[in-house]
Amino acid sequence: MKPKIHPIATITNTSGYEGDVRLKPLSRYFDEYVENGRLKLGKSPESTKSIHLEIIKGIGKKRRFKFVGIDNSDEAKEIIGNTVYVLSDDDRIALISKDLIGFEVITNDEDYVGILSDVIWLPASDAYVIQHQNKEILIPIIPEVINEVDFKNRLIIITTMDGLLD
């Protein structure tokens, strides 16, 4: 299977004079991939270049990230606003991407459910927030419910269960 490119973070600011930057995670799998993944940097998935993490300084939300070849604050300023992508053949990262916002959600029987308005990361299981008629409903992101994500047609196909859409 050919690896796909997935956004995992956005570069938000510089930190210090040695080229360190701050990152805003875009995926719950951010920590797993930023340290061990095949990283790419760019404005869009089509215009990326390979980048390598040199060091992580600090802990928690105060972490600073240093990439190879970014050695001063001027070089770091040039990459603010870029997205850090990871090459991965793991489909679970695509299921919780913020890129899915705006996709239509339908059932196996092609009944319209609503529009995906948010993806939330919960401790037990992640969930889609769907605008359904005049309310929001939560759909768990589990294999029993999510059948397919069709990126080409911007569709998410689900299997309904008793009480899921009530």
* Asked: Yes or no on side-chain contact (heavy atoms from CB on, under 4.5 Å) for Leu41 and Ile11, after CA distance, side-chain angles and deciding distance?
  -> CA-CA 10 Å; Leu41 180 70; Ile11 297 177; 3.6 Å; yes
* To do: Could you note down all residue pairs passing salt bridge (Lys or Arg N to Asp or Glu O under 4.0 Å) where residues 71-80 supplies at least one of them, sequence neighbours left out?
  => Lys66-Asp71
* Asked: Donor-acceptor pair, Thr10 side chain versus Thr12 backbone, under 3.5 Å?
  -> no
* **Trace of the side-chain contact (heavy atoms from CB on, under 4.5 Å) decision for Lys40 with Val84** => CA-CA 6 Å; Lys40 298 222 169 244; Val84 177; over 6 Å; no
* Linked, directly or transitively: Val86 and Ile56 (ILVMFWY side chains, under 4.5 Å) -> yes
* Output the distance between atom CD1 (Ile158) and atom CD1 (Ile146), rounded to the nearest 0.5 Å. => 6.5 Å
* Same apolar cluster: Ile137 and Val149, side chain cutoff 4.5 Å -> yes
* Asked: Excluding sequence neighbours, so at least two apart, what forms side chain to side chain donor-acceptor pair (under 3.5 Å) with Asn72?
  -> none
* Does His132 reach the main-chain N or O of Val113 with its side chain, forming a donor-acceptor pair under 3.5 Å? -> yes
* Asked: What is the minimum heavy-atom distance between Gly19 and Ile70, and which atoms define it?
  -> O-CG2, 3.5 Å
* Asked: Is it the case that one hydrophobic cluster holds both Ile142 and Val105, taking links as side-chain heavy atoms less than 4.5 Å apart, direct or via other members?
  -> yes
* Asked: Please, which pairs that meet salt bridge (Lys or Arg N to Asp or Glu O under 4.0 Å) have at least one residue in residues 6-26, sequence neighbours excluded?
  -> Glu18-Lys57, Asp20-Lys57, Asp20-Arg64
* Would you give the length of the straight line joining atom CG of Leu87 to atom CD1 of Ile5, rounded to the nearest 0.5 angstrom? => 5.5 Å
* Is any side-chain heavy atom of Lys43 closer than 4.5 Å to a side-chain heavy atom of Asn82? -> yes
* Asked: Given Tyr112 and Glu104, is the side-chain contact (heavy atoms from CB on, under 4.5 Å) satisfied, shown in steps?
  -> CA-CA 8 Å; Tyr112 179 79; Glu104 287 188 355; 4.0 Å; yes
* Closest non-hydrogen atom pair between Gly16 and Ser73, with its separation -> O-CB, 3.6 Å
* Structure fact -> So the side chain to side chain donor-acceptor pair (under 3.5 Å) pairs with at least one residue in residues 153-162 (sequence neighbours excluded) are Asn108-Thr159, Asn147-Thr159, Asp150-Asn153
* Residues which pass side chain to side chain donor-acceptor pair (under 3.5 Å) with Ser44, listed by chain and number, not counting sequence neighbours -> Glu46, Ser47
* Asked: If two hydrophobic side chains count as joined below 4.5 Å and joins carry through other members, does Phe30 share a cluster with Ile51?
  -> yes
* Which atoms form the tightest heavy-atom contact between Tyr33 and Leu39, and what is the distance? -> O-CD2, 3.7 Å
* To do: Keeping to residues at least two apart or across chains, list the salt bridge (Lys or Arg N to Asp or Glu O under 4.0 Å) pairs with something in residues 131-147.
  => none
* Asked: Going only through I, L, V, M, F, W and Y residues with side-chain contacts under 4.5 Å, is there a path from Ile156 to Ile106?
  -> no
* Kindly compute the distance separating CD1 (Ile120) from OH (Tyr128), expressed to the nearest 0.5 Å. => 12.0 Å
* **Point-to-point distance, once rounded to the nearest 0.5 Å, from CD1 of Ile130 to CZ of Phe103** => 11.5 Å
* Between Asn13 and Ile80, does a side-chain contact (heavy atoms from CB on, under 4.5 Å) hold up when you go through it step by step? -> CA-CA 6 Å; Asn13 207 346; Ile80 291 176; 4.3 Å; yes
* **Among Leu138, Thr107, Ile139, the one residue meeting side-chain contact (heavy atoms from CB on, under 4.5 Å) with Leu164** => Ile139
